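Input: a single structure, listed below in structure tokens.
As the structure is a computational prediction, the values presented were derived from the model and not from experiment.
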Amino acid sequence: MFRKLDKKILASLAKSPAKFMMLCALREQLRSVDMFKENANGVLVCIVPDGWLWHAKSAATLMIDEGRSTFDDNDLDRSVFTLYQKPKTKGPEAVPILKPEGQTIYLATSIELVSVSLKLSADAIVDIKAPSGRHFNFARRAIGLKRVPRDIADAVAACPAEVVIGLAARKKIDDLNTTMLAELAPVKEPVHNKKTAPTLSALPGYRAARSWVADLKTDIEGWRNGDVEWADVDKGILLTGAPGTGKTFFAEALAGELGFDFVSTSVAAWQGSEGGNLGTTIAAMRASFHEASSRKGAVLFVDELDSLGDRNRSERRHSYYEGNVINSFLELTTGLAHQEGTVLVAATNYVDLIDSAVLRSGRLEEHVHLDLPDELERAEILSYHLDRILSPTELKKVTDRLSNSTPADFERLARHAKRAARSRSEAVTLTDVEAVIPKRVLIDEDTLRRVAVHEAGHALAALGSGFVNSVTIRVESSVADHLHVQKGGSTKYQMRELTIPTDKHLLAQLRIKLGGMAAEDVVFGSKSTGAGGNAGSDLDVATRIAFRFAGSYGLGKSLRYHGDVDSFAHGDRTGSELKAEVDSILLREYRVIKELLSKEKVRLLTLAAELVVSGELQIEKS
């Protein structure tokens, strides 16, 4: 690709300021593209502004064909193609898709004019902005005219192409009517009844991500002012956490905080486009990234990222599909380093199922886990969704009864409470909130006793581990009748951390998680479903610890390394040998903790009885 402008080329450009300006714009905005940077062969699609298409064609031909004359439109060997809507036709111009031994550029004024097959064939799709005020002044100098002040040049550059081109050749421009220029600038269409996007600083919760957001906001402001290069700005974050913890809301609020547009999609949406075959999936993915890049600053939110798959654990029959989808995603995320103004926020409930290359530095390198809100956050979140009409202090006695609720649950409660208030044409009251809280169902005595035994088992396992000095256990006398998964009780403790965890430390964690189930077995001779049933449950955590213990740390029967510590979900994609060892570890440690609790049965029963009466106990290591 032609990159140097000698005197002969500059002399020819002096006859066409429009061609000169578009050449400047193309060269500046293609510097990061491999075809330009490395003079590599391939196919490049450029989306140019209305009014600049034919000037872009002349400039691209000059750039790619080293100054040779433009090929005839009927010559299929030409290097530059234009895609445009022909008169009296329903579609864009039909052009062949070439994979040349050299370089080919396709130019269009809209991504809609680019066929799916061409999107797939392109090595890069780049949005080309209209020539800037700097380019306007470059063109004036090239044809022997004086530069104009930068503010006037920028004002001219914001006008339609024909105005910019006409003024570039005008000899005297000092008396330019800037008021008329302002009238020619594009007018933004008014937005009616559109809810203002929330800003993250105005929202409660999200404590784990606030430091990263503050740094990002500072860098974005520096980038806007020209003090920070886009390459130095963080461009991706992965949010993990249970459903309803506010991942989508975070992304939307981040866009509001940065003053960016919000573009939302999901891997499922990509896979469901036009039949979901490989070609249309990748085309839909590219379209989402292109939509974000076409804005002057956007947060691109991609939900269900785990659905991309993992090339290392893909079944053979799916490996071709998943491999190509993941490779395309990697290409697009790597391209964010040059796609100025686009920040990627991805979300998943199962980070273990994501290909490790997606999570490495330079891509989605920042990982934040969103937990359920704590006591203070619950009240603040509900107050926010009630438009601050009721304070967190007023709402705390209500939210204290909703310890297992997600931010989405509180948003739902607020909607229902406000609806009740609207029916009376009044402001929402605490009575409205109380009325829509899910009804509580009393736990029968036998179940309450089982829950108390379960939590007491966790407590004794923790205190006997050698790594815990104090435990607080709690049981609920009732549960909300709308929740599918019920806790009924909880155990809280602070485990002494080690700089380098040992096998004993990991096995102690595992036994604590199995302590509740083992206590039920010791006292009742049977086990309930309370230890499992959902992600984050005792069995889920214990299983993950066991997989990492044997599969990543080399602390099991063999020293073999099976994968990264974060690469194990539930073992459904691991080998049978590792699964068998994990089963052996879990059963062995279960027997160990069950034996310990059998010896402590009297104390176990005493603690459980006290817990049923008091509802909460704090136990210190003796």
Side-chain angles (χ1 to χ4, degrees), residues 33-34 42-45 97 99 111 114-126 235-240 247-248 251 263-294 298-339 342-365 367 563-564 566-570 572-574:
V33 178
D34 288 342
V43 174
L44 175 66
V45 175
I97 297 172
K99 201 68 175 178
I111 190 64
V114 183
S115 67
V116 171
S117 54
L118 179 53
K119 290 176 185 175
L120 293 173
S121 302
D123 295 282
I125 300 176
V126 183
K235 290 164 282 290
I237 185 171
L238 177 69
L239 304 176
T240 64
K247 296 185 283 292
T248 305
V263 179
S264 180
T265 187
S266 68
V267 176
W270 294 340
Q271 294 172 339
S273 59
E274 300 180 34
N277 59 54
L278 178 60
T280 55
T281 296
I282 294 176
M285 184 191 302
R286 289 184 181 277
S288 294
F289 276 81
H290 179 269
E291 182 182 356
S293 69
S294 66
V299 168
L300 173 60
F301 177 65
V302 180
D303 202 2
E304 304 163 348
L305 190 66
D306 51 281
S307 297
L308 277 178
D310 184 344
R311 294 169 299 180
N312 298 320
R313 291 177 290 179
S314 177
E315 297 179 20
R316 181 171 297 178
R317 57 179 176 163
H318 298 146
S319 60
Y320 178 80
Y321 180 94
E322 288 189 355
N324 278 278
V325 170
I326 293 169
N327 287 336
S328 295
F329 185 79
L330 294 177
E331 174 196 340
L332 290 166
T333 51
T334 302
L336 291 177
H338 311 298
Q339 190 170 310
T342 300
V343 175
L344 176 63
V345 178
T348 182
N349 299 331
Y350 308 104
V351 66
D352 311 71
L353 299 181
I354 298 174
D355 193 286
S356 58
V358 174
L359 306 178
R360 73 161 175 80
S361 296
R363 294 187 177 118
L364 290 172
E365 58 189 12
H367 304 164
D564 185 86
D566 293 324
S567 66
F568 298 108
H570 308 289
D572 50 340
R573 296 190 181 185
T574 56

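Expressed to the nearest 0.5 Å, how far NE2 of His290 lies from CD1 of Ile111 amounts to 4.0 Å. Here the CD1-OG1 distance, from Ile326 to Thr333, works out to 11.0 Å after rounding to the nearest 0.5 Å.
Panel note: side chain Asp123, backbone Val43; a donor-acceptor pair is recorded below 3.5 Å.
With sequence neighbours excluded, the residues that form a side-chain contact (heavy atoms from CB on, under 4.5 Å) with Glu291 are Val263, Arg295. Judged as a side-chain contact (heavy atoms from CB on, under 4.5 Å), and not counting sequence neighbours, the contacts of Ser288 are Thr265, Trp270, Leu300.
Pairing each heavy atom of Ala268 with each of Glu304, the nearest pair is CB-OE1, 3.0 Å. Ala298 and Ala292 get closest at one heavy-atom pair: CB-O, 3.6 Å. Here the closest non-hydrogen pair linking Ala122 and Val45 is CB-CG2, 3.8 Å.
Between Arg286 and Glu331, some side-chain heavy-atom pair lies under the 4.5 Å cut-off. Here the side chains of Thr348 and Leu238 are in contact, with some heavy-atom distance below 4.5 Å. In this structure the side chain of Thr342 never reaches within 4.5 angstrom of the side chain of Phe289, judged on heavy atoms.
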Quick one: do Leu364 and Leu344 satisfy side chain to side chain contact (heavy atoms under 4.5 Å, CB included)? Show the steps, please. CA-CA 8 Å; Leu364 290 172; Leu344 176 63; 3.8 Å; yes

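With Ser266 as the fixed residue, the side chain to side chain contact (heavy atoms under 4.5 Å, CB included) test singles out one of Asp303, Val302, Leu305: Asp303.
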